[in-house]
Amino acid sequence: AELDTLDIIVLAAILVGTVAYFTKGKYWAVTKDPYASSFAAANGAKAGKTRNIVEKMEESGKNCIIFYGSQTGTAEDYASRLAKEGKSRFGLETMVADLEDYDFDNLDAIPNDKVVVFVLATYGEGEPTDNAVDFTEFITGEDPSFSLGNDVPLDNLNYVAFGLGNNTYEHYNSMVRNVNKALEKLGAHRIGEAGEGDDGAGTMEEDFLAWKDPMWTALAEKLGLEEREAVYEPIFGITDRENLTREAPEVYVGEPNRMHLDGTPKGPFNAHNPYIAPIKTSYELFNVKDRNCLHMDIDVSGSNLTYQTGDHVAVWPTNAGEEVDRFLDIFDLTGKRHNVISVKALEPTAKVPFPTPTTFDAIARYHMEICSPVSRQFIATLAAFAPDDESKAEMTKLGSDKDYFHSKVNTHCLNISRLLANVSKGKKWTNVPFSALIEGVTKLQPRYYSISSSSLENPKLISITAVVESQNLPGRGDPFRGVATNYLLALKEKQNGDPNPSPFGLSYEITGPRNKYDGVHVPVHVRHSNFKLPSDPSKPVIMVGPGTGVAPFRGFVRERRKMVEDGKTVGKTILFFGCRKSAEDFLYEKEWEEAKQVLGDKFELVLAFSREGSKKVYVQHRLQERAKEINELLQQKAYFYVCGDAANMAREVNTVLSQIISGERGIPEAKAEEIVKQMRAANQYQEDVW
Ligand code: FAD
């Protein structure tokens with residue numbers, strides 16, 4: 001059997017303990033940093049920590065625990081914000097906890113003067129996030145067994161629930177809905193509504209803000225809490241390490257964890273530990289001046305990373321130098337950017353989100369999402385630290401008026417430093433405690449890409465197909481540029497021979513911390529997905545992937561091509577691809593021709609160019625034209641795949657498919673919709689959308 005991460009951590013902890021015993025701690029003095037954050041402990045020695053939540057609350061004196069099930073960091077961020085607000089407004093003793101870190105069989109032993117909050121994201125096709133799988137299985141299971149064995153097991157439990165979902169997916173917010181239902185069934189008492197945030201409508205943040213106010217009122221009433229004037233209290237303490245320079249071997253200058261600092265990092269490579277992978281080839285796929293789409297082949301042969309066709313690769317980006325400069329400048333940290341600091345949680349249950357000792361520069365460049373959308377709540381917090389009364393008044397207005405905020409901030413895609421500079425007319429924000437920035441700016445997140453290679457053909461080469469994010473927005477001087485894709489563009493330029501690439505004037509610390517990414521490397525890990533070809537290759541497949549939605553289908557087609565080369569028989573393989581113009585953004589045109597040479601009439605490419613004829617033609621229209629054939633293939637149990645834009649395309653394809661089934665089989669549309677739902681449930685209809 002494979003060792004899972006916990007086993008490895010346990011084994012590592014035993015080994016470290018044994019070594020420590022026999023060396024009588026003599027190596028510890030060298031490596032131990034008295035100011036070091038709990039980060040290393042949190043990541044390295046989980047085995048020693050209790051998994052008993054009741055015990056944990058008792059020993060740390062907490063009466064409110066906020067669990068998060070998070071994939072991309074938003075749920076975790078909301079959990080931290082609730083913890084902070086509960087403490088500052090109501091004096092609750094709050095703690096944030098990763099669902100993965102605790103057991104749940106003693107939820108029934110949490111006394112009723114305490115409260116448990118669940119902030120739960122739904123991932124993909126109604127699935128729990130990776131860290132919430134065990135919890136979900138337990139709580140929604142047939143007959144969860146609890147420590148006390150009471151008739152109404154959770155009669156003592158007070159809980160609050162908020163879900164993060166996306167209405168463009170079939171199973172909208174199913175995590176919070178299912179967990180809420182399960183908790184109610186077990187007799188737990190919910191306080192306030194079970195909130196639902198909708199990323200699909202772009203209202204996640206506002207849904208959260210609108211939900212939490214009445215929730216706090218209900219919670220205060222239930223627990224008899226008095227609201228007090230919220231004063232800012234830092235969660236993190238910052239210590240200057242004047243005796244250290246950034247060259248010192250124990251200082252993190254962007255390394256993601258201890259292993260990367262100490263030497264060659266070993267696996268397992270995962271969301272806590274990226275593999276620094278060489279880029280083997282990279283090139284531009286578009287044939288047009290103002291838009292870019294990258295193809296990149298990443299070599300993972302030097303690692304134990306594996307993937308299967310249809311999986312996702314996560315890229316760990318670094319921020320553009322110009323944005324790092326802007327961020328440090330507005331908070332008057334430019335002069336101190338390379339000073340070494342230690343960051344420590346002042347609160348035993350809080351975690352510093354990056355390893356320390358480190359520098360302000362490294363934090364802003366490698367660890368903080370300094371370019372992401374700004375939260376309205378954070379603006380309200382920063383108002384207290386404005387450099388003058390006028391800025392303070394403007395911040396208060398932005399923080400309290402949602403429409404004003406939207407028109408001033410969101411529509412221009414302003415990030416925190418651009419916004420603050422606009423508000424104060426360039427005056428620096430010298431009073432903002434650095435802790436407030438660690439709390440208010442989220443952790444820099446890896447970006448996911450649907451792997452566009454086939455593991456059968458190339459088990460150790462992972463391909464990415466990524467369109468470079470760039471938008472001209474009215475009322476904003478320069479175009480908005482995405483974090484990860486422009487970083488990848490710079491890497492591509494470097495890989496093709498430019499020693500100092502600066503696409504669109506953006507420069508990057510492209511050789512990474514201590515030049516460890518030199519020779520053109522990019523930090524990555526792999527996330528396994530359920531988006532898979534049928535295990536029987538003779539089954540027909542219908543793939544719908546316009547734009548970069550074609551990424552996984554390049555992998556699928558290459559896989560089937562390889563199968564044929566290996567002497568296997570494959571079923572009909574139809575790909576619907578769409579783009580603007582055949583001469584501009586027709587991805588992998590040559591490769592499809594080569595595939596046709598091998599696959600013959602088993603392979604068909606159906607094209608939709610939206611800006612060529614007098615009428616806009618999209619993949620959905622092409623599907624409709626092929627109604628008869630598609631229906632026949634589905635009746636032969638063809639697998640149907642959709643990849644790409646979740647907001648519009650995937651939804652329309654779903655509707656069109658129902659119409660096709662209804663029309664061809666002569667059944668009412670409602671019935672056809674039911675059939676499509678069943679196809680999804682049986683994995684005959686699979687989506688990979690974003
Ligand atoms: P970001 O900087 O993250 O910006 C992305 C968007 O966020 C912007 O367009 C804007 O709408 C919003 N935004 C960012 N900052 C602000 C701000 N300050 N204010 C307001 N709005 C803001 N992409 C591909 O090209 N190919 C793929 O194969 C692919 N596969 C994916 C698979 C999965 C499972 C997922 C989840 C996503 C996939 N994506 C894919 C999308 C990809 O992960 C990235 O989201 C995309 O490349 C943009 O990343 P970025 O860092 O360049 O842009």
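Note that ligands are numbered from 1 as they come in the structure, with each ligand's atoms numbered from 1 the same way.
- Both tests pass for Arg554 against the ring of Tyr588: distance under 6.0 Å to the centre and angle within 45° of the axis.
- Looking at every heavy atom in both residues, Leu506 comes nearest to Glu322 through CA-OE1, 3.4 Å.
- Of the charged side-chain nitrogens involved, none lies within less than 4.0 Å of a carboxylate oxygen, so that Asp332 and Lys428 do not count as a salt-bridged pair.
- Phe577 and Phe586 have parallel rings, their planes meeting at less than 30° on a 0 to 90° scale where 60° marks the start of perpendicular.
- The residues lining ligand 1, counting any heavy atom closer than 4.0 Å, are His312, Cys371, Ser372, Pro373, Cys413, Leu414, Asn415, Arg447, Tyr448, Tyr449, Ser450, Thr465, Ala466, Val467, Glu469, Gln471, Phe480, Gly482, Val483, Ala484, Thr485, Thr548, Ala551, Trp690.
- Atom OH of Tyr487 sits about 12.5 Å away from atom CG of Leu489, to the nearest 0.5 Å.
- Sorted by first and then second residue, the salt bridge (charged side-chain N to carboxylate O under 4.0 Å, His left out) pairs with a member in residues 454-468 read Glu457-Arg558; sequence neighbours excluded.
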